[in-house]
Amino acid sequence: MGLLDLLLMEKGCWPYLEKKAFVFPAGNKKAVVRVDVSRPGHPLTNFTVCLRFKPLQARPAILFSYYAKNNGKAFQIKYHPDHFNLLIGGMMQMIAHRKASPSEWQHICVAWNSTTGLVHCWHNGELLPRFVMRKGYKMSSNGTILLGQERDLSGKKDSFLGEMADVNMWLRVLKPDEIRLVWNNEEVPNSVVSWRALNYTIRGDVLVEEALHQVP
């Protein structure tokens, strides 16, 4: 990493982000948030990722990416106005969802079980049809999470423009009643990424501001 990269990066200084939001105001290729994970010593075979977001424009945008140390891009959630693209271990699946206003706050949770390959996806509290992806696949635990951008910062085409909050991750498939708690912004214990105590690094034009959205 060069001196310019170091100058562009800002270490997270909000240990308690419950009433905060990341604002991606420019939608450019250098705006990204890197999240540090409380890593286990074994491969990732079960997990649930949840986050809340408000896109400024009706265009494709990367929300969440997990890059495994030896396997590259292992998991990604990408938003489209009428669907999500979910990537697991190099396999892509399109997930249709109900259209929402481009300026509306939305909530997504994705849960995956390696043993069965079963994927659960909740959009705005609604469980979408389940499906199977990458049965038996294992992700390296020594990875990196990026919000709003690709790792190579390849361009502004798919960079996120809008606001993001309530990013959490667990190393298990949450139960429906737990998803309801997350949807209502209540705490579910034993997360490896917690919005209430997030370790993050900002690069480029990303702001930490007071959250103005209303939780359902």
Side-chain angles (χ1 to χ4, degrees), residues 1-14 17 20-37 39 44 47 49-81 83-95 102-103 105-110 121 123 139-140 142-169 192-195 198-209 211 213:
M1 181 181 294
L3 177 60
L4 179 59
D5 289 324
L6 291 172
L7 292 174
L8 287 171
M9 299 184 78
E10 176 186 349
K11 194 67 176 177
C13 55
W14 298 98
L17 283 173
K20 301 289 182 181
F22 290 133
V23 179
F24 296 76
N28 65 44
K29 65 181 182 180
K30 292 185 178 179
V32 65
V33 177
R34 173 175 172 165
V35 178
D36 295 326
V37 189
R39 297 181 180 90
L44 303 186
F47 62 79
V49 171
C50 297
L51 60 89
R52 208 177 302 272
F53 67 101
K54 182 180 182 180
L56 183 61
Q57 298 175 354
R59 65 177 180 86
I62 296 164
L63 300 175
F64 183 104
S65 298
Y66 178 81
Y67 289 88
K69 184 175 181 181
N70 299 321
N71 299 326
K73 186 165 57 181
F75 174 73
Q76 185 177 82
I77 304 171
K78 185 175 179 179
Y79 165 77
H80 290 255
H83 69 275
F84 293 103
N85 279 348
L86 180 65
L87 182 143
I88 299 178
M91 179 181 291
M92 184 75 73
Q93 176 66 51
M94 186 179 74
I95 310 168
S103 60
W105 275 96
Q106 301 181 51
H107 188 264
I108 182 171
C109 287
V110 175
C121 182
H123 180 231
M139 302 181 194
S140 169
N142 189 19
T144 300
I145 291 173
L146 297 182
L147 306 178
Q149 185 59 269
E150 297 272 17
R151 181 170 63 180
D152 59 3
L153 306 178
S154 57
K156 64 186 296 184
K157 179 181 178 182
D158 296 330
S159 58
F160 180 66
L161 175 62
E163 299 188 33
M164 189 180 299
D166 306 333
V167 181
N168 296 280
M169 180 177 181
V192 291
V193 173
S194 172
W195 188 250
L198 199 71
N199 295 316
Y200 65 91
T201 304
I202 287 175
R203 174 173 176 171
D205 297 326
V206 182
L207 307 175
V208 179
E209 297 291 333
H213 61 279

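Throughout, numbering of the chain's residues begins at 1 and tracks the sequence.
- Taking the side chain as every heavy atom from C-beta outward, Ile77 and Val49 approach each other to under 4.5 Å.
- Nearest approach of Lys20 to Ala165, heavy atoms of both residues: O-CB, 3.9 Å.
- Under the 2.5 Å cut-off for SG-SG separation, Cys109 and Cys121 do not qualify: their sulfur atoms lie farther apart than that.
- Ring pair Phe160/Tyr79: centre-to-centre distance not below 6.0 Å.
- The shortest side-chain heavy-atom distance between Met139 and Ile88 falls under the 4.5 Å cut-off.
- Just one residue in the list Ile108, Asn168, Asp166, Val193 forms a side-chain contact (heavy atoms from CB on, under 4.5 Å) with Leu51, and that residue is Ile108.
- To the nearest 0.5 Å, atom OG1 of residue Thr201 and atom CG of residue Leu146 are 10.5 Å apart.
- Rounding to the nearest 0.5 Å gives a distance of 5.5 Å between CG of Leu198 and CG of Leu17.
- Note that CG of Asp205 and CZ of Phe24 are 11.0 Å apart. Values are rounded to the nearest 0.5 Å.
- Aromatic pair Phe75/Tyr67: ring centres not closer than 6.0 Å.
- Taking 4.0 Å as the cut-off between side-chain N and carboxylate O, Glu150 and Lys73 count as a salt-bridged pair.
- When all heavy atoms of Glu163 and Ala21 are compared, the closest pair comes out as OE1-CB, 4.1 Å.
- His213 and Trp105 have tilted rings, their planes meeting at an angle from 30° to 60° on a 0 to 90° scale.
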(request) For side-chain contact (heavy atoms from CB on, under 4.5 Å), just list the numbers for Leu86 and Met94, CA-CA rounded to whole Å, side-chain angles, deciding distance to a tenth of an Å, and then say yes or no. (result) CA-CA 6 Å; Leu86 180 65; Met94 186 179 74; over 6 Å; no
(message) Between Arg59 and Leu161, is the side-chain contact (heavy atoms from CB on, under 4.5 Å) condition met? List the steps.
(response) CA-CA 9 Å; Arg59 65 177 180 86; Leu161 175 62; 3.4 Å; yes
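- Classification of the His83-His80 ring pair by plane angle, with boundaries at 30° and 60°, yields parallel.
- Annotation for Pro81 and Pro60: closest pair CD-N, 4.4 Å, computed over non-hydrogen atoms.
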(request) Determine, stepwise, if the pair Leu87 / Lys78 fulfils side-chain contact (heavy atoms from CB on, under 4.5 Å). (result) CA-CA 8 Å; Leu87 182 143; Lys78 185 175 179 179; over 6 Å; no
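- Contact between Pro25 and Val23 at its shortest, heavy atoms only, is CD-O, 3.1 Å.
- Of the residues Phe53, Trp195, Phe64, the one that meets the ring pair (Phe, Tyr, Trp, His ring centres under 6.0 Å) test with Phe22 is Trp195.
- In this structure, CE on Met92 lies 5.0 Å from CG on Asn85, to the nearest 0.5 angstrom.
- For the pair Gln106/Leu63, no side-chain contact is recorded, criterion being any heavy-atom separation below 4.5 Å from C-beta on.
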(request) I would like to know whether Arg34 and Asp36 meet side-chain contact (heavy atoms from CB on, under 4.5 Å); could you show each step before the answer? (result) CA-CA 7 Å; Arg34 173 175 172 165; Asp36 295 326; 4.2 Å; yes
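- The two residues Val208 and Tyr200 make their nearest non-hydrogen contact at CG2-OH, 3.7 Å.
- In this structure, Val167 and Val35 have side chains that are not in contact, with every pair of non-hydrogen atoms separated by 4.5 Å or more.
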(message) Run the ring pair (Phe, Tyr, Trp, His ring centres under 6.0 Å) test on Phe84 and His123 for me, step by step, so that the C-alpha distance in whole Å, both residues' side-chain angles and the decisive distance to 0.1 Å come before the verdict.
(response) CA-CA 10 Å; Phe84 293 103; His123 180 231; 5.2 Å; yes
